[in-house]
Student: 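Sharing a structure with you now.
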Number of protein chains: 2
Amino acid sequence: MANIRDVARLAQTSVATVSAVLNNSDPVSPALRARVLHAIQELNYHPSAVARSLSTRKTCTIGLVMPYILTPTAPPFIRAVEEEVTNAGYSLLLALSDGDPQREREMMELMAQKRVDGLLISAGPSWDDKTADQIEALQASGTTRIVFAARRSERPKNLDAVVSDNRNGAFAATSHLLDLGCTDIALLALPALGLNERDRILGYELAHRERGLIPRPELRRWGSTSQSPDGIALAQATTRDLFTLERPPDAIFVCNQTMVLGVLQALGELRLDVPGDVALVCFDDAPWLQHLPVPITAVSQRPDLVGRKAARLLLHRLRGDAEAAPPRVEIVPTELVIRESSAGRARLAGAGRAATATARAEQVLEN
Amino acid sequence: MANIRDVARLAQTSVATVSAVLNNSDPVSPALRARVLHAIQELNYHPSAVARSLSTRKTCTIGLVMPYILTPTAPPFIRAVEEEVTNAGYSLLLALSDGDPQREREMMELMAQKRVDGLLISAGPSWDDKTADQIEALQASGTTRIVFAARRSERPKNLDAVVSDNRNGAFAATSHLLDLGCTDIALLALPALGLNERDRILGYELAHRERGLIPRPELRRWGSTSQSPDGIALAQATTRDLFTLERPPDAIFVCNQTMVLGVLQALGELRLDVPGDVALVCFDDAPWLQHLPVPITAVSQRPDLVGRKAARLLLHRLRGDAEAAPPRVEIVPTELVIRESSAGRARLAGAGRAATATARAEQVLEN
DNA sequence: CTGAAAGCGCTTACAG
DNA sequence: CTGAAAGCGCTTACAG
């Protein structure tokens, strides 16, 4: 493959001049520039970004390390990050850790060796201190700017972060159910390993506490993060089990979309009516949730905004404008989109639990 | 940041030796190796992959250029690619063109400049000759090995490719509906820009032709690739329109998941029963499709296998084992998963179109 | 405006 | 086993 010297030779000039026309760094006479451009064409020359990076000590590459891509929020998140990064003239190096802390660390080390200019990290649910130490060392070495995106962790402290408002989303969902008069709200939670998961549980509890209530412990159940049939089956079994309680729930707050399918299946088998017998709210929205026979109330997230803001924050730091500004944690609002699976209950209360309602309510509450 | 010379100095040896312990390329005495390792620790040294790449002329990086990530098949595809690539010691550079040929070309040029060892390309729906020329030049320059993945194109010829069996998937779906006695099968197609889209239409037509039938032209409608509410609304409007025909369809083959929501919405409004009045088959499967009140028959794809095989093929070429072997086109089979939305019709035929069926059939036909 | 040369941080014969 | 040196392909003062 041709290099810059070949081009210089063919254009009868020096490599410095070729470099100048390549980067518009120095003025070059039109005639010479034309000769150079022609030589580039002729030789099918593609300047080596590798050599350029070695020389400039910048790779124009952003790394993104995240645990999963098979979640509903991952694709729009990645899409937004990629868009921002590309528009700023950077490339995106993607690494998926599958939630394995060991892999997470290896991937971060690799990103460091590849000398990415910035690193976007979505902390896996099993994020540990060893990983945090590594991040701190990386950050301290001063070569790579780091921002938590979508999933942060308490360690390291002093790291920029952009995440969804999980707590208020769960708080709004739970408050909504309480407002509707539900008294026994089951929580189908995700293993509380990460901050996101814990914040959803916290929101559920705060909504109760605010009214001087304490949710019954037996109503809190653990689901699975798995997007596969296992996740569905577990939610189904758990729901069945909830209705063997002496005092079964009159509402269920489900912490992810996959589990909703299992819950609905179980409720169908038990011939329980939504929302007549049980109100339902889901964390995270999707088109199909609103096109079900009984549209499901959902906490809608904006993973695209999370990605966009995280990328912009990182890029902003990289430009050096805010090099040493104090770390910033941005919380992207979530929205409660109220649909029949919960709202129908208000009407039913008036009508003394008439037949399955058909009218569709769709209001939006912003946090 | 410390470099290899700093390490050599601290360990009181030469850079060649440090390099040797870093790469296990040459035997080094245990004592010296320990000194080197200690110096590396001490200096928090991360060898520069950039410098290494310049020297070795290999970046251990694979590029992936694809149009969309917001489709149901993209995430499992990317996941599999990333996994294979990572396990082979490579990194993944991801670029999303959004289907814009201009961007597609810029991204490919950038990948070339970054000197990726291999390139996985998912041809956008608007793939044009200019892009094909560029690919050919890239391939000819001999630095980057290229494989079409998930979406190929007729040009350039002689390129490795791994794609889903769109044609047979559509063929199986249509044949299944014809076998059930459907005579007027509407096709809700996607704009026929890419090979994938055209193959689905082709499969629909071949199934008819095999029986000496020719589908009525007014039953073929164009939907949208959009995953947004627009895509749903268009499918909804189109479905309504289909039932203003003098002779409306008794089955609909829908070419993607998003459109199914619009179709179901329209059928609901028209108070048409699935599968009693209209049988329904969807290209591409999803968990929620089988948990709907009437589970939907679907052509199930294996985007993960497509990604895995494409990555492996590329990696295999890179290892040089099959450097110059003739190009290979792998077609990954699709499966028809038969559910109530079509299978129910067989039973109804027997029962003289009784009330909505409730039994669930789930068989699998392999192509 | 243009050109010769040092330097970015590695690897890899090559000589000892 | 170990060390000095050239080379990978750029950029960037620096001198003309």
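A note on names: the letters A, B, ... follow the listed sequences, proteins ahead of strands, and every chain is numbered from 1.
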Student: Assess the side chains of A/Arg152 and A/Asn196: does a donor N or O sit below 3.5 Å from an acceptor N or O?
Tutor: no

Student: Taking only side-chain N and O atoms of A/Ser25, does any of them lie within less than 4.0 angstrom of OP1 or OP2 on D/dT12?
Tutor: no

Student: Quick one: do B/Asp117 and B/Arg145 make a salt bridge, cutoff under 4.0 Å?
Tutor: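 No salt bridge links B/Asp117 with B/Arg145.
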
Student: Give a yes or no on this: more than 12 heavy atoms of other residues, nucleotides or ligands lie within 6.0 Å of atom CZ of B/Arg328.
Tutor: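 Incorrect, the count does not exceed 12.
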
Student: Looking only at the side chains, is there a donor atom on one of B/Arg33 and B/Asn24 sitting less than 3.5 Å from an acceptor on the other?
Tutor: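 Checked: B/Arg33/B/Asn24 side chains pair up, N/O donor to acceptor below 3.5 Å.
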
Student: Less than 4.0 Å between a side-chain N and a carboxylate O, is that true for A/Arg317 and A/Asp160?
Tutor: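 A salt bridge links A/Asp160 with A/Arg317.
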
Student: Under 3.5 Å, is there a donor-acceptor pair linking the side chains of B/Lys58 and B/Ser53?
Tutor: no

Student: For A/Thr59 and A/Lys114, does a side-chain donor sit closer than 3.5 Å to a side-chain acceptor?
Tutor: no

Student: Do the charged groups of B/Asp128 and B/Arg105 touch, with an N to O distance under 4.0 Å?
Tutor: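 Yes.
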
Student: Counting primed atoms plus P, OP1 and OP2 as sugar-phosphate and everything else as base, spell out the protein contacts along nucleotides 4-11 of chain D at 4.0 Å heavy-atom distance: B, S or - for each nucleotide, 5' to 3'.
Tutor: B--BBBBS

Student: Select base, sugar-phosphate, or nothing to describe what A/Thr13 touches, counting heavy atoms under 4.0 Å on all strands.
Tutor: sugar-phosphate

Student: Taking Watson-Crick and G-U wobble pairs with both distances under 3.5 Å, convert DNA chain D into its dot-bracket string, 5' to 3', dots for unpaired and | for cross-strand pairs.
Tutor: |||.||||||||.|||

